[in-house]
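Have a look at the structure below, then the notes.
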2 protein chains.
Amino acid sequence: MQEIVPKFESIFTVDCVVFGFDEGELKVLLIERNEEDYTGWWALPGYYVQQDEGLDPAAERILYELTGLRDIYMEQFYAFGDVDRHPQGRVITVAYFAMIRLNPLKELKPVINYARKAFWHPINDLPKLAFDHTQIFEKSLEKIRRKISYQPIAFELLPEKFTLTQLQHLYELILNKKLDKRNFRKKMLNYGILKELDEKQRGVSYRAATLYKFDRRKYARLFQKELSFSK
Amino acid sequence: MQEIVPKFESIFTVDCVVFGFDEGELKVLLIERNEEDYTGWWALPGYYVQQDEGLDPAAERILYELTGLRDIYMEQFYAFGDVDRHPQGRVITVAYFAMIRLNPLKELKPVINYARKAFWHPINDLPKLAFDHTQIFEKSLEKIRRKISYQPIAFELLPEKFTLTQLQHLYELILNKKLDKRNFRKKMLNYGILKELDEKQRGVSYRAATLYKFDRRKYARLFQKELSFSK
DNA sequence: ATATAGTGTGTATTTATTACACTAAGGTAA
DNA sequence: TTACCTTAGTGTAATAAATACACACTATAT
């Protein structure tokens with residue numbers, strides 16, 4: 001390309017919107033900033049991308065450093081580059097969303113320092129966020145709302161074994177609307193991507209629900225059969 | 001954020017996948033490179049983002065410089081940042097797709113030099129592209145395929161006044177499958193977002209078709225009513 | 001034994017999708 | 001002016017999917 005305008009170089013970062021589903025709530029992982037700019041504010045976990053590092057690997061690394069988790073479902077969804085989004089100057093960020101199974105028994109183990117202050121926040125009660133992170137979060141919600149309607153990403157948020165009611169609640173939270181129980185079960189089971197287990201829920205003081213797991217092989221076989229939910 | 005790894009700075013660019021619909025074909029705008037790296041290769045129009053310029057404005061500027069067109073439908077769809085995507089070093093690009101009405105009577109008027117070598121290429125017969133531009137193009141196709149199924153972006157590619165057959169052909173090209181004429185018309189007219197005009201097609205040697213136009217106001221009133229097409 | 005709380009199930013109605021073929025209109029060429 | 005060519009424009013029946021809706025079952029706690 002011709003250099004009519006001078007090239008300039010910019011810092012760039014990756015920010016992650018990490019969703020988790022816990023105690024019947026949809027949560028997002030935030031860190032409390034301890035650094036220059038927006039000190040003490042909550043922010044999305046994010047970091048500088050390294051010289052020799054692609055975007056996806058950077059996102060994976062950052063998530064690992066914050067949570068100790070690897071092999072997590074992540075997807076890039078938008079780049080944010082407004083001129084004034086960062087007080088230090090021009091910083092462009094590429095945003096990813098991630099979905100992780102929250103295992104209440106297993107603490108997240110941050111690998112580097114600043115992650116000590118990472119906490120899960122219910123998405124309906126988020127504090128003000130640093131930079132344009134509120135905007136980034138909103139965009140991620142839009143994206144997963146659409147995506148959950150045609151691809152089985154919700155399973156990434158659930159434990160290996162789950163009940164149909166848990167699955168339905170999760171859909172309801174993400175889509176932000178009530179679904180009909182009988183219709184939901186009929187439809188979900190019809191897709192044929194769930195495997196019914198011989199196992200039941202334990203430790204509940206009412207009739208125990210059957211456990212299911214997501215059958216990735218069956219899903220792959222359907223090749224692009226898309227899910228869809230409206231009511 | 002703590003500076004555990006050194007920050008580094010990177011060049012970044014915007015690349016545009018510009019779609020046009022002409023002579024019954026879906027086309028994409030390519031430039032022939034006259035610069036260092038991939039000299040003589042076809043590439044997507046793209047350029048360096050300026051220091052004081054946001055991403056969306058950069059995309060709009062670049063499209064304007066290449067085509068002389070403004071107020072075009074554009075949407076950012078993905079950032080590409082593989083370490084080795086550019087021979088000169090680390091260059092991250094934010095990709096946009098754009099859709100423009102090709103008016104055969106009105107030539108595109110490039111404002112800057114390198115755009116002299118811009119041509120429209122049918123999407124089914126693209127040459128090898130420079131850098132990772134083939135990959136960028138493929139991703140843009142995926143995106144518009146999905147998007148056209150739930151939002152009225154196809155109209156951006158058609159002239160103000162169009163026939164239902166033209167509209168159907170365009171859907172068929174983008175979705176890459178045949179649609180049934182009667183079902184298509186029934187469905188499209190049912191959405192209530194088209195305005196039937198008193199005017200007919202001219203200059204054809206067969207029965208002239210009724211012209212329609214897209215009614216933005218009615219569409220807005222439907223507020224998120226989504227289109228959908230399967231067969 | 002009984003109260004409690006969530007599980008699990010079926011059917012009828014409405015709506016959307018699909019498959020399918022001929023006549024109407026306008027222009028061209030003999 | 002007539003025959004012909006090409007595309008426009010139309011309806012219905014069959015099937016599939018979405019929706020609305022309510023009660024009996026079961027495990028546990030008291």
Side-chain angles (χ1 to χ4, degrees), chain A residues 21 23-25 148-150 158-159 161-173 175-213 222 224-231, chain B residues 21 23-25 148-150 152 158-159 161-173 175 177-213 222 224-231:
Chain A
F21 179 53
E23 294 167 11
E25 275 190 313
I148 201 183
S149 300
Y150 63 88
L158 290 172
K161 301 168 182 179
F162 52 85
T163 71
L164 288 178
T165 302
Q166 287 169 339
L167 181 59
Q168 184 183 337
H169 283 348
L170 178 52
Y171 268 85
E172 289 176 338
L173 277 172
L175 296 175
N176 199 25
K177 66 174 152 188
K178 281 258 166 243
L179 302 173
D180 178 85
K181 181 159 87 164
R182 278 180 287 194
N183 295 338
F184 180 85
R185 295 163 88 92
K186 195 194 324 177
K187 190 162 185 174
M188 194 50 87
L189 292 172
N190 260 349
Y191 284 128
I193 57 176
L194 296 185
K195 182 170 186 180
E196 184 175 344
L197 303 176
D198 283 337
E199 225 174 321
K200 303 252 164 198
Q201 223 177 1
R202 294 164 142 266
V204 289
S205 70
Y206 45 79
R207 176 176 181 180
T210 303
L211 291 170
Y212 289 81
K213 64 184 199 182
L222 288 184
Q224 288 308 49
K225 166 147 187 175
E226 296 193 345
L227 316 176
S228 93
F229 288 89
S230 37
K231 206 160 184 184
Chain B
F21 179 55
E23 294 167 12
E25 274 191 313
I148 201 182
S149 299
Y150 63 89
L158 290 171
K161 301 168 183 181
F162 53 84
T163 71
L164 287 177
T165 301
Q166 287 168 339
L167 182 59
Q168 183 183 339
H169 283 348
L170 178 53
Y171 268 87
E172 288 176 339
L173 278 173
L175 297 175
K177 67 175 150 185
K178 280 259 167 242
L179 301 173
D180 179 84
K181 181 160 87 162
R182 278 180 287 192
N183 295 339
F184 180 85
R185 296 164 88 94
K186 196 196 323 179
K187 191 162 186 174
M188 194 51 88
L189 292 173
N190 260 348
Y191 284 128
I193 58 175
L194 296 184
K195 181 169 184 178
E196 184 174 344
L197 302 176
D198 284 337
E199 226 174 320
K200 303 250 163 199
Q201 225 176 0
R202 295 165 140 266
V204 288
S205 69
Y206 46 80
R207 178 178 179 180
T210 302
L211 292 170
Y212 289 81
K213 64 183 199 184
L222 289 183
Q224 288 308 48
K225 168 147 187 174
E226 296 193 344
L227 317 176
S228 93
F229 288 90
S230 38
K231 205 163 186 183

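Here is how names work: the chains are called A, B, and so on, in the same order as the sequence lines, proteins then strands, and each is numbered from 1. Because only heavy atoms are used, hydrogens play no part in the values below, and waters and symmetry mates are left out as well, while side chains stay in.
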| query | Quick one: is Thr210(A) getting a side-chain N or O under 4.0 Å of the dT7(C) phosphate, OP1 or OP2? | reply |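 No, because none of the side-chain N or O atoms of Thr210(A) sits under 4.0 Å from OP1 or OP2 of dT7(C).
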| query | Has Thr165(A) got a side-chain N or O lying under 4.0 Å from the OP1 or OP2 atom of dG6(C)? | reply | no
How many Å lie between [atom1] on [X] and [atom2] on [N], as a whole number?
| X | N | atom1 | atom2 | answer |
| --- | --- | --- | --- | --- |
| Arg185(A) | dC21(D) | CZ | P | 19 Å |
| Gln201(A) | dT7(C) | CD | C1' | 9 Å |
| Tyr191(B) | dT17(C) | OH | C1' | 11 Å |
| Asn183(B) | dT15(C) | CG | C1' | 15 Å |
| Lys181(B) | dT18(C) | NZ | P | 19 Å |
| Lys178(A) | dC21(D) | NZ | P | 16 Å |
| Asp180(A) | dG10(C) | CG | P | 15 Å |
| Phe184(B) | dG9(D) | CZ | C1' | 14 Å |

Side chain of [X], base of [N]: donor and acceptor closer than 3.5 Å?
| X | N | value |
| --- | --- | --- |
| Lys187(B) | dT18(C) | no |
| Arg182(B) | dA8(D) | no |
| Lys186(A) | dT11(C) | yes |

| query | If you measure from the Lys or Arg side-chain nitrogens to the Asp or Glu carboxylate oxygens, is any gap between Glu172(B) and Lys177(B) under 4.0 Å? | reply |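 Salt bridge between Glu172(B) and Lys177(B), a charged N being under 4.0 Å from a carboxylate O: no.
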| task | Applying ring-ring contact (aromatic ring centres under 6.0 Å, His included), name anything that partners Phe184(B), two or more places apart in sequence or on another chain. | result |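 With sequence neighbours excluded, Phe184(B) shows a ring-ring contact (aromatic ring centres under 6.0 Å, His included) to Tyr171(B), Phe229(B), given in chain and number order.
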| message | Going by the rule ring-ring contact (aromatic ring centres under 6.0 Å, His included), which residues pair with Phe162(B) if we only count those two or more places apart in sequence or in a different chain? | response | Phe155(B)
| Gap separating the OG1 atom of Thr210(B) from the CG atom of Leu164(B), nearest 0.5 angstrom |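 Result: 8.0 Å between the selected atoms.
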State which residues pass side chain to side chain contact (heavy atoms under 4.5 Å, CB included) with [X]; sequence neighbours excluded, sorted by chain then number.
| X | result |
| --- | --- |
| Glu25(A) | Lys27(A), Pro122(A) |
| Thr163(B) | Thr165(B), Gln166(B), Gln201(B), Ala209(B), Leu211(B) |
| Ser205(B) | none |

| request: Do nucleotides 25-30 of chain D as a string where each nucleotide becomes B, S or -: B if the base has a protein heavy atom under 4.0 Å, S if just the sugar-phosphate does, - if no protein is that close. | output: BBBSS-
